[in-house]
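See structure below.
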Protein chains: 4
Amino acid sequence: MAASDVAAADKVPIDLAHAPGAPATGTARTRRTDPDRRERILATTLDLVAEVGVAGVSHRKIAARADVPLGSMTYHFASMDELLHEAFTRLADAVAARFEARLGAARDHEEAVEAVVDLIHELSDGGPTSTRGNVLSYELYALAARDPRYRALTTAWMARSRRELERHFDPRITRRLDALIEGMSLHRALDEDPVDRTVTLAAVRAVVGEGDQR
Amino acid sequence: MAASDVAAADKVPIDLAHAPGAPATGTARTRRTDPDRRERILATTLDLVAEVGVAGVSHRKIAARADVPLGSMTYHFASMDELLHEAFTRLADAVAARFEARLGAARDHEEAVEAVVDLIHELSDGGPTSTRGNVLSYELYALAARDPRYRALTTAWMARSRRELERHFDPRITRRLDALIEGMSLHRALDEDPVDRTVTLAAVRAVVGEGDQR
Amino acid sequence: MAASDVAAADKVPIDLAHAPGAPATGTARTRRTDPDRRERILATTLDLVAEVGVAGVSHRKIAARADVPLGSMTYHFASMDELLHEAFTRLADAVAARFEARLGAARDHEEAVEAVVDLIHELSDGGPTSTRGNVLSYELYALAARDPRYRALTTAWMARSRRELERHFDPRITRRLDALIEGMSLHRALDEDPVDRTVTLAAVRAVVGEGDQR
Amino acid sequence: MAASDVAAADKVPIDLAHAPGAPATGTARTRRTDPDRRERILATTLDLVAEVGVAGVSHRKIAARADVPLGSMTYHFASMDELLHEAFTRLADAVAARFEARLGAARDHEEAVEAVVDLIHELSDGGPTSTRGNVLSYELYALAARDPRYRALTTAWMARSRRELERHFDPRITRRLDALIEGMSLHRALDEDPVDRTVTLAAVRAVVGEGDQR
DNA sequence: GATGAATGAGTTTTCATTCAT
DNA sequence: TATGAATGAAAACTCATTCAT
């Protein structure tokens, strides 16, 4: 589980697919059938949270952005918190899936190490998508630190990440490796002068016990 | 810079000292002069953000909790964001100071390693104070990922942490060490089954290049 | 376009019809459907502006007077300015309509001259209705001198007045005639010792080129 | 009394002289002696009313713009209304003085007619100064139509204008001439396509009884 | 005399949610 | 089933004015 991975969340095709600027399906008249409205609301919610934070979202803003009637917000989601919880559930799933996809593609130990470095750098290099993912992660962490319902999300996400890492690394080091991924992603995202790949690779090697001895 | 350190923030005596439930200096009648009102508002703001998040705070809630008139909120701080920014500035300072104090007390390399492990565990073991610090950090990260004004805060904080680490560790490894502190603190805080000191120590040793070779 | 005409604005049955003290349609319980609420808000807004000026109106006051919930103010009108603009649009329409009605009833040149004198005197003779119209006009002029959106209103109003005058008078003199109407209405309204009909008639005759030579 | 004349108000050297962007006299420390602070507040008030209307001014905005302490506002003027009334008194005086200066310079009947045309056109041709004067006049009219205290101002102003006109024109026509000046100034100010000097001159001639007979 | 600090009442606006249709 | 209309509560913020100094 690491912040930068979230950045790639909207690349996951099915779960979070949506076209932000896309016109409403059909005219206002033919709004009748709009099957993926629920999904669009969820995706829009995440977009908006990334932009203005949990503190800045509202039913109205989401409805306007998703081109959905305001009344349908509470029809589809009983409350704001339910909407938020479901949105962050989607997020955690998408990010974990992404993590798994990357690690899963690694054929051997070396490729796994490379995949980890990729994960840390990928999209924490800046750009709107990266920001989106980072903000969303930190918002989720803040929520999770306060609320058990959100902590369940992060716990599951962390478990999936660790399980995936264990396919390539010794169980005794997956925790610290996961933590390193998290910390380096976060620092890279917030740092004015982010470390380059060499530094990251050395860090990963050290953590997995392959570093040069002092 | 690590989340768990924030937990200890309110132990720092000067910067953030405040007595939440303390009665106002003087009576309601003689409220005219209340010199540390500004400080009390800032401290209360952080307390409240820790409890309900940036999304949950409001002038009203802060004013009520700090026992100040609602009108004085915007007298002391031109806007909600100004208040928040100043509060988080205080937070970052206090946390960095705490970090420095811990590391500064270390007399040799061994003590520095121990201090790092302490920092990671300290108060990320749960309890209200821990939660406070964690939530505040994540809220700040979310803010920083979106807004340069807040990023200036995290950048300065990170620089201070790294400078302190460099007094004990090779510059080439302070970045990864700082990242590990961050990541382990975060994971310990959010994990249902947080790692114990042995694991943390092994992780720190590995990162500083003293780990057992595989 | 002349200030005093505005005084008659609330006589126009359709455009601005409203019963200030009328009870809400239905009980407080069945308020759900209150079709002409929008209109009532607009009419009340003009009433209140007439009484206390643009400077003195507020959502609260209007809501209370119109017997609508405060929350419905910004539901029907996105902002205070939108409300004011729409209210003044109504006003300008009503006043212009009144002007046309008066002039339109004139069958020949002589009747047109009489109609103009009527227009100047009508209700600028004092009384609450007169005040209402005058104040509203000056408030609108002040708005128009500052803001193009309001100027569009006065421009259209002036055009309608002039078009109507041209049905009875030479195009070369409608502008000065319209200006005279404006000026005499204004001065009569603000003067402690307003001129009587004879003076007005002589002024109109002079302006249309029928005055006695010196 | 005519709107456009107001535009020239700030040319009157003594009464309303002030430098909007001028730095405070002396430093913040040497604020002690600031003899024309009262005058500066009054001038700033008119400037601000011209910009944002009576509805938009506030003690705070005026104080900030005039570079005086907020507390000194209510020290110099017991209430907002007192400040406004005194400011508009200054305005009416300045405008009437301007009117007198123009008319007083006329040596004969022909020059008086020219002066009147000048007055109508002068600065109602647009530009910030013109807007300032026009807005201020209409704001004053709105105030006067509602409040006797302000009406006293307009009444005196009108009397002075008329007295001056009577030095050049037959008493029987000064009222209609004054009204024409008022109306033409106003229409020129608000019209998208203001009349040119020829039209104005013809109007003035007609009103003073020198027009071509039909 | 003059003012910085302060505040209670008020401002506009936004909000989540309800509910008749 | 879906939604436009509606609203009470609360949001952030501004205000004129007071008053200790």
Side-chain angles (χ1 to χ4, degrees), chain A residues 28 31-34 37-38 55-64 68-84, chain B residues 28-35 37-38 55-63 68-84, chain C residues 28-35 37-38 55-63 68-84, chain D residues 28 31-34 37-38 55-64 68-84:
Chain A
R31 182 75 56 74
R32 195 59 60 118
T33 41
D34 188 354
R37 169 168 300 182
R38 248 186 85 90
V57 295
S58 74
H59 276 156
R60 299 176 119 75
K61 289 178 191 168
I62 298 168
V68 152
L70 177 57
S72 78
M73 294 297 294
T74 39
Y75 172 75
H76 288 294
F77 305 92
S79 72
M80 189 69 202
D81 194 72
E82 183 181 310
L83 168 56
L84 240 27
Chain B
R29 190 172 298 277
T30 329
R31 183 69 59 73
R32 192 60 55 155
T33 41
D34 186 354
R37 170 169 298 182
R38 248 187 86 92
V57 295
S58 74
H59 278 156
R60 281 174 139 77
K61 289 178 192 165
I62 298 168
V68 299
L70 180 55
S72 77
M73 293 299 294
T74 41
Y75 170 73
H76 288 293
F77 304 93
S79 72
M80 190 69 197
D81 195 72
E82 184 181 309
L83 168 57
L84 241 26
Chain C
R29 190 172 298 279
T30 330
R31 183 70 58 74
R32 191 59 55 155
T33 41
D34 186 355
R37 169 168 299 183
R38 248 186 85 92
V57 295
S58 75
H59 277 155
R60 279 173 141 78
K61 290 178 192 166
I62 298 168
V68 300
L70 179 56
S72 77
M73 294 298 295
T74 40
Y75 171 72
H76 288 292
F77 304 93
S79 70
M80 190 69 199
D81 194 71
E82 184 180 309
L83 168 56
L84 277 164
Chain D
R31 182 74 57 71
R32 194 60 57 118
T33 42
D34 189 353
R37 169 168 299 182
R38 248 186 84 91
V57 295
S58 73
H59 276 156
R60 298 173 120 75
K61 289 178 191 167
I62 298 168
V68 301
L70 178 56
S72 78
M73 295 299 293
T74 39
Y75 171 74
H76 288 294
F77 304 92
S79 73
M80 189 69 202
D81 194 72
E82 183 181 310
L83 168 56
L84 240 27

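Everything numeric in this text was worked out from a predicted model, so none of it was measured. Values below: all heavy atoms of this structure, side chains included; hydrogens, waters and symmetry mates excluded.
The stretch residues 75-84 of chain D comes close to DNA chain E through D:Tyr75, each having a heavy atom under 4.0 Å from the strand.
Taking atom NE2 of A:His59 as the reference point, atom P of F:dA5 lies 19 Å away to the nearest angstrom. Whole-Å rounding puts the A:Ile62 CD1 to E:dA16 C1' distance at 11 Å. The separation between D:Arg37 atom CZ and E:dA2 atom P is 8 Å, rounded to whole Å. Across the protein-nucleic acid pair, B:Arg38 atom CZ and E:dA6 atom P stand 11 Å apart, rounded to whole Å.
Side-chain N or O atoms of D:Ser79 include one that pairs as donor or acceptor with a backbone N or O of D:Glu82 at under 3.5 Å.
Here C:Arg38 pairs with C:Glu86 under the side chain to side chain donor-acceptor pair (under 3.5 Å) rule; sequence neighbours left out. Listed by chain and number, the residues in a side chain to side chain contact (heavy atoms under 4.5 Å, CB included) with C:Thr74 are C:His59 (sequence neighbours excluded).
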Protein-nucleotides 8-10 of chain E N/O pairs closer than 3.5 Å?
none

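Side chains of C:Val57 and C:Leu83 form no contact here, defined as non-hydrogen atoms less than 4.5 Å apart.
Applying the salt bridge (charged side-chain N to carboxylate O under 4.0 Å, His left out) test to residues at least two apart or on different chains, none of the pairs has a partner in residues 71-80 of chain A. Contacts classified as salt bridge (charged side-chain N to carboxylate O under 4.0 Å, His left out) and involving residues 71-81 of chain C (residues at least two apart or in different chains) are given here: C:Asp81-C:Arg149.
Residue B:Pro69 comes nearest to B:Arg37 through the heavy atom pair CD-NH1, 3.7 Å, listed as atom of the first residue, atom of the second, then distance. Heavy atoms only, all atoms of each residue included: A:Met73 and A:Ala63 are closest at CG-CB, 3.9 Å.
Annotation: of the two residues near DNA chain F, A:Thr74 and B:Gly56, the 5′-most nearest-nucleotide partner is A:Thr74.
Base pairing in DNA chain F gives the following stems of 3 or more Watson-Crick or G-U pairs, range against range and under 3.5 Å: E:2-21 with F:2-21.
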